[in-house]
Amino acid sequence: MAVQISPSVLSADFARLADEAAAVAATADWLHVDVMDNHFVPNLTLGLPVVESLLKHATLPLDCHLMITDPDRWAPAYAEAGARNVTIHAEAVRAPVRTLRAIRAAGARAGLALNPGTPVEHVTDLLPEIDMLLLMTVEPGFGGQAFLDLVLPKIRAARELVKGRDLDLWIQVDGGVAAETVERCAEAGADVFVAGSAVYGADDPAAAVQGLRQQAMAATASSWWGRP
Ligand code: DX5
Ligand code: ZN
């Protein structure tokens, strides 16, 4: 079972994004970019122009997480710009099938995110349309929040669905993922791990990525779903 780590630049120095991307390039799988519009979430970060600039400098594929009220309008443009994954929120999208297909048609992987209070049953019919299900383990909007254990049963339920239907899709967790919580996520069924403060708050971000990866791999290997 492959474990992937996606450091979130939300906790990086925004004035030195290219350097911060380079700091994890040798050990991470993705670079997670949080797009916030101060409407879907009470915070404002960056948008398409910054993503376009970052694409010119970052060697890792970009994992764009759109926390915006109008993903139908904006998501395909991130894929067209070159983001390798574009994730939209189920709570915000109005025409999910059309928008997810537009992301894929533009050459990116399509992700669908659920806030902690949104049940996975809400999107069961959409699972064949996506490449990754993002289960938020905090309320979206800010880095450095405490991990919500109440999401763990949902991670497990999602993994059961994926296994039961033999779907080819990744399960990502985002929010409060750190040395203290990554094993619980992996045991429950997650395979892609976003970490902001646990990576960019560390003295050595590249080593922090490796540490999380080792913990997640060991926990997956002995888990109910990942045991060989
Ligand atoms: C929060 C963002 C996260 C954030 C996670 O809404 O979606 O990607 O960067 O930060 P940590 O890992 O510090 O909780
Ligand atoms: Zn995120």
**OP:** Give the intermediate values and the outcome of salt bridge (charged side-chain N to carboxylate O under 4.0 Å, His left out) for residues R109 and D63.
**Re:** CA-CA 9 Å; R109 296 176 62 90; D63 167 24; over 6 Å; no
Subject >> Residue pair V24, Y200: steps toward the side chain to side chain contact (heavy atoms under 4.5 Å, CB included) verdict >> reply: CA-CA 9 Å; V24 295; Y200 284 107; 3.4 Å; yes
**OP:** Would you sort out whether E187 and W224 count as a side chain to side chain donor-acceptor pair (under 3.5 Å), showing the intermediate values?
**Re:** CA-CA 7 Å; E187 276 157 15; W224 69 276; over 6 Å; no
**OP:** Evaluate the criterion salt bridge (charged side-chain N to carboxylate O under 4.0 Å, His left out) for residue pair K56 and E52; output intermediate values, then yes/no.
**Re:** CA-CA 7 Å; K56 292 185 198 136; E52 285 170 339; over 6 Å; no
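Atom CG of L62 sits about 11.5 Å away from atom OH of Y78, to the nearest 0.5 Å. The line from NE2 of H39 to CG of L44 is 8.5 Å long, rounded to the nearest 0.5 Å. Separation of atoms OG (S6) and CH2 (W170) is listed at 10.0 Å; rounding is to 0.5 Å. Rounded to the nearest 0.5 Å, atoms CZ (R98) and CG (D72) are 6.5 Å apart. Interatomic distance, OG1 of T87 versus CG of L100, reported as 9.5 Å (0.5 Å rounding). Interatomic distance, L60 CG to I5 CD1, rounded to the nearest 0.5 Å: 12.0 Å.
No donor-acceptor pair under 3.5 Å is formed between the side chain of N115 and the backbone N or O of G117. When atom types are taken as modelled, the side chain of R84 and the backbone of P61 share no donor-acceptor pair closer than 3.5 angstrom. A donor-acceptor distance shorter than 3.5 angstrom exists from the side chain of Q145 to the backbone of E139, with no hydrogens or angles considered. D191 contributes no side-chain N or O that, together with a main-chain N or O of V3, makes up a donor-acceptor pair within less than 3.5 Å. Distance alone, capped at 3.5 Å, places no donor-acceptor pair between the T99 side chain and the P96 backbone. Remark: side-chain polar atoms of S8 are not paired, donor with acceptor, to backbone N or O of V194 under 3.5 angstrom. For the pair R104 (side chain) and I130 (backbone), a donor-acceptor distance under 3.5 Å is present. Using modelled atom types, one side-chain atom of T137 and one backbone atom of G175 make a donor-acceptor pair closer than 3.5 Å. Although no hydrogens or angles enter the test, the distance criterion places a donor-acceptor pair under 3.5 Å between the side chain of R184 and the main chain of E180. No donor-acceptor distance shorter than 3.5 angstrom exists from the side chain of W30 to the backbone of N85, with no hydrogens or angles considered.
In this structure, R213 places its CZ atom where more than 12 heavy-atom neighbours from other residues, nucleotides or ligands lie under 6.0 Å away.
By the criterion of side-chain heavy atoms lying less than 4.5 angstrom apart, applied directly or through intervening Ile, Leu, Val, Met, Phe, Trp or Tyr residues, L114 is not grouped with V138; the two fall into different hydrophobic clusters. Under the 4.5 Å side-chain heavy-atom criterion for grouping Ile, Leu, Val, Met, Phe, Trp and Tyr, F193 is connected to I171 within one hydrophobic cluster. By the criterion of side-chain heavy atoms lying less than 4.5 angstrom apart, applied directly or through intervening Ile, Leu, Val, Met, Phe, Trp or Tyr residues, M132 is not grouped with V97; the two fall into different hydrophobic clusters. Cluster annotation: V199 and L31 are assigned to the same hydrophobic cluster (Ile/Leu/Val/Met/Phe/Trp/Tyr, side-chain heavy-atom contacts under 4.5 Å, transitive). Linking ILVMFWY side-chain heavy atoms closer than 4.5 Å, directly or via other members, places L126 and I103 in a single hydrophobic cluster.
Closest approach of P71 and I88 over heavy atoms only: CB-CG2, 3.6 Å. Closest heavy-atom contact between L135 and A158: CD1-CB, 4.0 Å. L161 and L167 make their closest contact through O-CD1, 4.3 Å (heavy atoms, listed as atom of the first residue, atom of the second, distance). Contact record, A77 with L48: CB-CD2, 3.7 Å, taken as the closest heavy-atom pair. In terms of heavy atoms, R73 sits closest to P76 at O-CD, 4.2 Å. Nearest heavy-atom pair, T220 versus A186, reported as atom, atom and distance to 0.1 Å: OG1-CB, 3.6 Å.
Pairs engaging residues 116-125 under the side chain to side chain donor-acceptor pair (under 3.5 Å) rule: E91-T118 [sequence neighbours left out]. Residue pairs meeting the side chain to side chain donor-acceptor pair (under 3.5 Å) criterion with at least one member in residues 9-24, sequence neighbours excluded, do not occur.
Ring geometry for H89 versus H65: interplanar angle under 30°, hence parallel rather than tilted (30 to 60°).
Residues passing the salt bridge (Lys or Arg N to Asp or Glu O under 4.0 Å) test with E183, sequence neighbours excluded: none.
F147 is not listed as a side-chain neighbour of V173, based on a closest heavy-atom distance of 4.5 Å or more. The shortest distance between side-chain heavy atoms of V35 and L46 falls below 4.5 Å. Here the side chains of L10 and M36 are in contact, with some heavy-atom distance below 4.5 Å. Side-chain contact check for K154 versus P119: every heavy-atom pair is 4.5 Å or farther apart. Using a 4.5 Å heavy-atom cutoff, the side chains of Q172 and Q4 are not in contact.
Just one of D131, V123, L169, L134 meets the side chain to side chain contact (heavy atoms under 4.5 Å, CB included) condition when paired with L112; it is V123.
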